[in-house]
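One structure is given here, and the rest of the page talks about it.
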Amino acid sequence: MVRPEAFKTPPQQVTRRLTTEEKLSRLRQLVAETRLQPTLGKGDVLSISVYDEPDLGVSGIPIRPDGRISFPLIGDVQAAGRSVEALTATVTERLSRFVIEPRVSVIVTELNSLSYTINGEVAKPGVYPLVTDVSLTQAIARAGGFKKGQFRSSSVEVADLSTAFIAREGRVLPVDFTRLFRQGDLRFDIGLQDGDYINIPSGLSKEVYIVGEVNKPAQFAFREAMPMSRSLALAEGFTREADLSRVHIVRGSLSNPQLIVVDFKDVLQGRAQDVPLEPNDIVYVPPTYLAQWSQMLNQIVPTITAIQTGIILGNSVGGSDGN
């Protein structure tokens, strides 16, 4: 006998995944596109000297909360948000009113305004200062390495590197964590930038994410035989912009996922097959005005990071209250 489900329209699966060389090519492109010019920020500490003018040399100059610094003869100068070169030029220009052809040197002695975040299955997750150049492998090492658990009396890593990702400016960089950390492919060992977000999921956890044009984007516990339609009910309805004709299920790494596109309207009418979810799936309901997957990904990543950050902060507050 043929089950009635067999007569329903199956979901559209987009299973084309990038090869290693394609990932590297795309990674180089995105790193170049997102390369930031480092700028000074509040809390950074500077040392400013003027050649042949020892009385004007000052060390330990903090950038104040208002973004300014104070320097002899010229008073307050805006520093936050500017490069070292731009600040040097401004100090030089102002000092030229008092000193003939001043030769100014600005050195950053403490870089406290830049940071990156590591979330998930590392020994010490959290926000880390980006004081010097830090690569991805160095960042994981600084976080104490991947967290370990016990399995059959043996110590094993619990990190799921197949779904780990690094996001920069809301864009997922196609870093292959498995090749980097398991096979030593250092071509994926990129340098970090201010604001980078690294997520290392657990291979033991079972959650799904419901994001996009829903009333309550959130992370939910995965349950066996959990269909997409039932999970969407947990998000408490849709916004007016929701495009239910192409709900996306994102499976696997965000940098190289398997996509399943479902017409939810047809599922509700019994004309299309529902999709059983798997652990770590992301169900994304896109708005009507987004057409391309790359545009949708730019919407998904900030939501996922916000949900995870909220969970981290909630756990931190709960832990503090309990002490």
Side-chain angles (χ1 to χ4, degrees), residues 17-18 20 23-24 26-27 30-31 34 114-130 134-151 154-209 211 218-222 250-258 278-282 297 300-316 319:
R17 294 190 174 183
L18 300 177
T20 297
K23 291 179 189 175
L24 287 168
R26 180 61 175 158
L27 179 60
L30 286 178
V31 167
T34 57
L114 307 184
S115 64
Y116 60 91
T117 301
I118 302 183
N119 173 55
E121 298 305 315
V122 291
K124 296 177 289 185
V127 179
Y128 286 81
L130 192 58
V134 177
S135 70
L136 182 54
T137 54
Q138 289 172 334
I140 297 298
R142 289 184 178 186
F146 300 120
K147 191 178 294 183
K148 296 184 181 295
Q150 292 295 317
F151 179 73
S154 299
S155 179
V156 296
E157 288 182 356
V158 297
D160 180 5
L161 297 185
S162 66
T163 56
F165 70 86
I166 174 172
R168 175 173 296 172
E169 297 181 358
R171 304 168 72 177
V172 174
L173 302 182
V175 171
D176 191 323
F177 280 75
T178 302
R179 288 191 64 89
L180 173 59
F181 289 99
R182 295 287 184 261
Q183 302 176 30
D185 191 339
L186 295 179
R187 294 177 296 175
F188 290 101
D189 192 20
I190 61 172
L192 300 189
Q193 290 189 172
D194 181 38
D196 281 356
Y197 181 89
I198 303 164
N199 183 56
I200 311 294
S202 170
L204 305 178
S205 65
K206 292 187 176 183
E207 296 96 18
V208 295
Y209 292 91
V211 298
Q219 171 183 308
F220 299 97
F222 172 81
V250 186
R251 184 164 293 167
S253 170
L254 277 173
S255 64
N256 199 17
Q258 175 189 2
E278 296 182 3
N280 296 316
D281 277 356
I282 299 171
L297 187 58
I300 292 173
V301 174
T303 305
I304 296 294
T305 56
I307 291 171
Q308 293 174 343
T309 302
I311 292 172
I312 295 171
L313 294 176
N315 290 339
S316 298

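The side-chain contact (heavy atoms from CB on, under 4.5 Å) test with Ile198 is passed by exactly one of Val122, Ile118, Asn119, Val175: Ile118.
Between Asp281 and Arg251, the shortest heavy-atom contact is OD2-NH2, 2.7 Å. Considering all non-hydrogen atoms of both residues, Glu278 and Val208 come closest at O-CG1, 3.7 Å. The heavy-atom pair separating Asp176 from Lys23 by the smallest distance is OD2-NZ, 2.7 Å. The two residues Val211 and Ile282 come nearest to each other via the heavy atoms CG2-CG2, 3.8 Å.
Remark: Ser135 engages Thr137, Gln138, Asp189 in a side-chain contact (heavy atoms from CB on, under 4.5 Å) (not counting sequence neighbours). Partners of Arg182 according to the salt bridge (Lys or Arg N to Asp or Glu O under 4.0 Å) rule, which considers only residues two or more places apart in sequence or in another chain, are Glu157. For Val31, the side-chain contact (heavy atoms from CB on, under 4.5 Å) partners two or more places apart in sequence, or in a different chain, are Leu27, Arg35, Arg168, Ile190. Evaluation of the side chain to side chain donor-acceptor pair (under 3.5 Å) rule for Asn280 yields no partner, not counting sequence neighbours. Applying the side-chain contact (heavy atoms from CB on, under 4.5 Å) criterion to Ala164, with sequence neighbours excluded, gives Phe177, Ile200, Pro201.
For the pair Ile166 and Phe188, the minimum side-chain heavy-atom distance is 4.5 Å or more. Inter-residue side-chain proximity for Phe146 and Leu161 is flagged as met; some heavy-atom pair is nearer than 4.5 Å. At least one side-chain heavy atom of Ser115 sits less than 4.5 Å from a side-chain heavy atom of Asp194. Between Gln219 and Tyr209 the shortest side-chain heavy-atom distance falls below 4.5 Å.
Pairs of residues two or more places apart, or lying in two chains, never qualify as salt bridge (charged side-chain N to carboxylate O under 4.0 Å, His left out) while including a residue from residues 135-145.
Below 30°, between 30° and 60°, or above 60°: for Phe165 and Tyr197 the angle between ring planes is between 30° and 60°, a tilted geometry.
In this structure a side-chain-to-backbone donor-acceptor pair under 3.5 Å is missing from Asp185 to Leu180.
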